Every structure is written in C-alpha cells, then in structure tokens.
Protein chains: 2
Amino acid sequence: MNFEEFKNCGLRRSLDILSGKWKPLIFQNLFEKDEVRFIELWRNMPRVSKKVLSEQLKQLEENHMIQRIEVYNFPPEVYYKLTDKARELGPILDQLHQWGNELAH
Amino acid sequence: MNFEEFKNCGLRRSLDILSGKWKPLIFQNLFEKDEVRFIELWRNMPRVSKKVLSEQLKQLEENHMIQRIEVYNFPPEVYYKLTDKARELGPILDQLHQWGNELAH
DNA sequence: CGGCATCCACATGGATACTG
DNA sequence: CAGTATCCATGTGGATGCCG
C-alpha cells in the first residue's frame with residue numbers, strides 16, 4: 001500500500017470517523033438504546049461542553065453514523081440514533097475494547 | 001459506562017494507541033514483514049518528515065506495539081518489528097478496513 | 001542513517017455567555 | 001433545551017537544519 005492508496009483506504013476512513021475525544025463514548029451510549037435525547041447524552045458525559053458534544057454529533061451525522069431527529073417543541077427535543085451502518089461497528093468495537101483491556105498498564 | 005470508567009476503558013486505550021496520522025500506515029507496513037528498517041519505512045511514506053515518523057514510532061514503542069532493534073554501525077541501522085500483542089490487532093484492523101471500504105463516499 | 005532542535009501553522013477541545 | 005458565538009489553551013504535525 002502506497003501513500004496515495006492510503007489516503008482513501010478503508011482503515012484510514014474508519015479511524016477518522018472514530019477520531020474525536022468523545023466519539024467512542026457517544027457510540028457506547030447510543031448502542032445501548034434505540035434513540036437518546038441530547039440532554040440525556042450530555043448528562044452521561046458531564047465533562048464535555050454542549051458545544052463540543054454538538055460538534056462531535058454533527059460530525060457523526062455528516063459521516064452517516066447517526067440520524068438526528070428533531071421534535072418541534074419549545075423547549076426543543078432532539079434525539080439521536082445510530083444508523084444501521086454504525087451498528088455494524090458494534091462487534092468490531094467490542095473486539096478493540098477487549099484487546100485494550102488485555103494490555104498491561 | 002460512566003465517565004470515570006470510560007477514561008481507562010479498553011476501547012479508549014485502543015483508539016489512543018491507534019491515534020496519530022501515520023500510525024495505521026506504520027502498522028500496515030510492519031504487518032507485511034518481520035522487521036523493517038527505518039529508512040525503508042520512511043521511503044514508503046515520503047510525505048512525512050523523519051521527525052514525525054520518529055515520534056510516532058517512539059509512541060508505538062512506549063505502548064509496547066513495536067520493538068526497536070539497533071545495530072551499532074556507522075551509518076546507524078535501526079529496525080522495527082511488531083510485538084505479539086500488536087499482531088493480535090491484525091484481524092481487527094482488517095475488519096475496520098473492510099467496514100470503511102463499504103462506506104459510500 | 002537515524003534521529004533531535006527549532007520554529008511554525010492549524011486543528012481540536014475547553015470555558016463561558018447568549019438565544020430562539 | 002439545544003444549540004451558537006466568542007475567546008483561548010494545548011497538541012499535533014509540517015519544514016528545515018544539524019549532528020554523531
């Protein structure tokens with residue numbers, strides 16, 4: 001594999017989608033349920049600002065990993081759910097999780 | 001999974017090890033052979049400076065993903081090879097690669 | 001050859017306040 | 001409630017040069 005191939009290779013694309021400090025935790029939260037409301041997601045990761053959480057969700061949406069579902073209320077209600085393609089990542093992330101837990105530290 | 005658990009969870013650790021612009025390409029090069037010499041590795045990714053390549057290799061070494069083998073010559077010869085633990089990543093990265101290639105783009 | 005030193009550009013994420 | 005706007009600190013990687 002040379003550099004030009006690498007730029008667009010599947011591995012590079014996958015890791016780019018997963019890159020971001022809070023992405024794995026977002027995935028883990030969304031795997032557990034069908035839909036999760038923004039505020040609930042945020043309460044599960046209180047160390048992140050809403051700005052940053054919004055950014056990461058927007059990136060995941062652009063990458064077709066999540067679907068954004070807005071209910072037109074006041075106050076607003078917005079839910080996020082994983083796409084089918086994202087759910088395929090489940091078993092792979094489980095393996096990474098397992099492998100990482102076996103590391104000495 | 002709450003935030004405190006997440007900080008040290010296996011998934012976060014795995015992705016941290018893989019994070020870095022050139023890490024996947026380093027892995028792919030090293031998977032193909034037993035040992036690879038520094039200069040050969042560098043020639044396979046000519047868009048990266050030697051400084052950056054060195055940094056990424058050092059991080060991988062600190063994470064016990066590669067072993068650094070130095071031959072005391074002049075000019076110096078340094079080889080890198082994957083550890084057994086790193087080789088376990090092979091099948092997982094293959095799945096990520098496959099999944100990434102199936103994405104519409 | 002295999003680094004390291006230096007300097008720099010840009011991206012990422014944090015803190016806070018504000019708004020429809 | 002679900003964002004945006006603004007400002008800022010830090011980190012990551014690129015460019016170049018030097019050195020044993």
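Since the structure is predicted, the reported quantities are computational estimates derived from the model, not experimental observations.
Considering only heavy atoms from C-beta on, A/Y80 comes within 4.5 Å of A/V78 through its side chain. Here the side chains of A/W99 and B/I17 are in contact, with some heavy-atom distance below 4.5 Å.
In this model, no side-chain donor or acceptor of A/K21 finds a partner on the base of C/dG13 within 3.5 Å.
Nearest nucleotide to the side chain of B/K58, out of C/dC4, D/dA2, C/dA15: C/dC4. In the set C/dG3, D/dC1, D/dG20, D/dG20 carries the atom at the smallest distance from any side-chain atom of B/F74. Side-chain atoms of A/P76 lie closest to C/dG20 of the nucleotides C/dG20, D/dG13, D/dT4.
Checking side-chain atoms of A/S14 against main-chain N and O of B/H97 turns up no donor-acceptor pair under 3.5 Å. B/K23 contributes a side-chain N or O that, together with a main-chain N or O of B/S19, makes up a donor-acceptor pair within less than 3.5 Å. Looking at B/Q56, its side chain does come within 3.5 Å of a backbone N or O of B/W22 through a donor-acceptor pair.
Rounded to whole Å, the distance from CD on B/E70 to C1' on C/dC1 is 11 Å. The separation between A/E77 atom CD and D/dA2 atom C1' is 11 Å, rounded to whole Å. For the pair A/L53 CG and C/dA15 C1', the computed distance is 15 Å after rounding to whole Å. One interatomic measurement links the two molecules: NZ of B/K23 to C1' of D/dG11, which rounds to 13 Å at whole-angstrom precision. Rounded to an integer number of Å, the gap from CH2 of B/W42 to P of D/dA15 is 12 Å.
When the side-chain nitrogen and oxygen atoms of B/Q56 are compared with OP1 and OP2 of D/dG13, one or more of them lie within a distance under 4.0 Å. Remark: A/Y79 is not in phosphate contact with D/dC1, judged by side-chain N or O atoms under 4.0 Å from OP1 or OP2. Checking the phosphate oxygens (OP1, OP2) of C/dG2, no side-chain nitrogen or oxygen of B/R43 falls inside 4.0 Å. An OP1 or OP2 oxygen of D/dG13 is reached within less than 4.0 angstrom by no side-chain nitrogen or oxygen of B/R47.
From A/Q67, atom CD reaches atom CG of A/L30 across 11.5 Å, with rounding to the nearest 0.5 Å.
If you find the closest nucleotide of DNA chain C to A/S19 and to A/K50, the one lying nearer the 5' end belongs to A/S19. Of the two residues near DNA chain C, A/S49 and B/L57, the one whose nearest nucleotide lies more 5' is B/L57. Position along DNA chain D of the nearest nucleotide to A/I39 versus B/G20 favours A/I39 as the more 5'-ward residue.
Within residues 59-69 of chain A, the residues approached by DNA chain D to less than 4.0 Å at the level of any non-hydrogen atom are A/R68, in residue-number order.
Using a 4.0 Å heavy-atom criterion, one finds that B/Y72 contacts no nucleic acid atom at all.
Comment: B/E70 engages B/R68 in a salt bridge, judged by a side-chain N to carboxylate O separation of less than 4.0 angstrom. For the pair A/E88 and A/K85, the salt-bridge criterion is met [side-chain N within less than 4.0 Å of a carboxylate O].
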Where do A/K51 and A/E55 land on the salt bridge (charged side-chain N to carboxylate O under 4.0 Å, His left out) test, with the steps shown first? CA-CA 6 Å; A/K51 185 202 97 173; A/E55 284 170 355; 3.8 Å; yes

Using the rule given for side chain to side chain donor-acceptor pair (under 3.5 Å), can you reason through B/Q95 versus A/Q95, listing the C-alpha separation, both sets of side-chain angles and the distance that settles it, and then say yes or no? CA-CA 10 Å; B/Q95 292 171 67; A/Q95 292 171 68; 2.9 Å; yes

Restricting both atoms to N or O, compile the protein contacts to nucleotides 5-10 of chain C shorter than 3.5 Å, with distance only.
none

